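Structure record follows, encoded as structure tokens.
As the structure is a prediction and not an experimental result, all values here were calculated from the model. Counting begins at 1 with the first residue of the sequence.
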Amino acid sequence: MITPFGALLSRSLNSKMADLQERKIKDAQMRATINQKLVETGERDRLKELLRTRLIECGWREELKQYCKEIVQQKGLEHITVDDLVAEITPKGRALVPDNVKKELLQRIRTFLAQQ
């Protein structure tokens with residue numbers, strides 16, 4: 001037997017879940033729109049090049065390359081695929097990106113969006 005409180009709680013949870021789902025859809029649409037603008041204007045390629053440069057400058061690329069070598073040595077070249085290697089290094093690669101690089105890219109994106 002569902003109590004009035006239980007029914008109210010259930011409606012409240014369903015409403016919150018629907019709101020969350022709607023917010024996720026809107027966020028995805030917004031990201032797609034922003035990405036489209038970045039691509040159309042060529043800004044996405046400029047940002048990618050900036051990121052590549054900054055990651056090389058801070059030593060991120062060399063550190064990740066060394067990590068890849070260690071993984072291959074541990075597992076053996078015959079026992080690892082490129083997909084396995086990518087899955088293994090992706091979390092560490094993301095974690096190693098310096099905060100100042102992330103902030104710089106975010107600021108560039110914000111400036112771009114403000115100008116649009």
Side-chain angles (χ1 to χ4, degrees):
M1 177 174 165
I2 297 180
T3 65
F5 176 73
L8 179 62
L9 181 60
S10 179
R11 281 194 301 269
S12 176
L13 287 174
N14 287 340
S15 175
K16 289 185 189 261
M17 289 178 70
D19 290 346
L20 181 61
Q21 185 65 22
E22 185 177 327
R23 193 173 321 133
K24 284 182 178 181
I25 291 169
K26 286 182 181 180
D27 287 351
Q29 290 170 338
M30 180 63 73
R31 280 192 303 274
T33 301
I34 291 169
N35 191 51
Q36 182 180 357
K37 282 281 188 194
L38 290 169
V39 170
E40 287 173 355
T41 61
E43 187 65 14
R44 186 171 192 269
D45 288 335
R46 287 187 286 278
L47 290 170
K48 281 173 57 175
E49 188 56 37
L50 174 66
L51 177 60
R52 185 177 293 112
T53 300
R54 293 294 185 263
L55 292 176
I56 291 169
E57 289 173 352
C58 74
W60 176 92
R61 184 176 177 183
E62 287 302 314
E63 190 170 347
L64 208 58
K65 190 188 302 183
Q66 182 59 40
Y67 184 61
C68 286
K69 288 178 183 179
E70 291 169 14
I71 299 291
V72 170
Q73 285 175 350
Q74 287 172 6
K75 297 193 182 236
L77 189 57
E78 308 81 27
H79 304 289
I80 192 166
T81 66
V82 173
D83 290 340
D84 293 338
L85 187 59
V86 169
E88 182 94 22
I89 68 167
T90 297
K92 183 169 180 111
R94 287 184 177 149
L96 288 175
V97 176
D99 286 343
N100 64 322
V101 173
K102 293 175 189 176
K103 288 176 184 175
E104 182 180 4
L105 282 173
L106 185 57
Q107 186 56 46
R108 288 278 301 260
I109 292 169
R110 285 182 176 149
T111 300
F112 169 79
L113 293 174
Q115 295 170 350
Q116 293 301 306

Exam field: side chain Arg46 to backbone Thr41, donor-acceptor pair closer than 3.5 Å: yes
Closest non-hydrogen atom pair, Ile89 against Cys68: CD1-SG, 3.6 Å
Note, Glu43 side chain near Leu47 side chain (heavy atom, < 4.5 Å): yes
Taking every non-hydrogen atom, the tightest pair across Pro98 and Leu55: CD-CD2, 4.4 Å
Set of salt bridge (charged side-chain N to carboxylate O under 4.0 Å, His left out) partners for Glu63, sequence neighbours left out: none
Approximate separation, where rounding is to 0.5 Å, of Ile109 CD1 and Arg44 CZ: 10.0 Å
Validation row: Arg94, Thr90 side chains within 4.5 angstrom (heavy atoms): yes
The single option from Leu50, Asn100, Val97 passing side-chain contact (heavy atoms from CB on, under 4.5 Å) against Leu105: Leu50
Within 6.0 angstrom of Arg54 CZ, more than 12 heavy atoms from elsewhere: yes
Pairwise side-chain contact, Arg108 with Thr111, heavy-atom cut-off 4.5 Å (strictly under): no
Path from Val86 to Trp60 over hydrophobic side-chain contacts below 4.5 Å: no
Leu77 with Leu85, same ILVMFWY side-chain cluster at under 4.5 Å: yes
Spacing of CD belonging to Gln74 relative to CD1 belonging to Ile71, to within rounding of 0.5 Å: 5.0 Å
Over 12 non-hydrogen atoms of neighbours within 6.0 angstrom of NZ in Lys48: no
Met30 with Phe112, same ILVMFWY side-chain cluster at under 4.5 Å: yes
side-chain contact (heavy atoms from CB on, under 4.5 Å) between Arg31 and Asn35, worked out: CA-CA 6 Å; Arg31 280 192 303 274; Asn35 191 51; over 6 Å; no
Student check: side-chain heavy atoms of Thr53 and Glu49 closer than 4.5 Å: yes
Counterpart residues, side-chain contact (heavy atoms from CB on, under 4.5 Å), relative to Glu22 (two or more places apart): Lys26
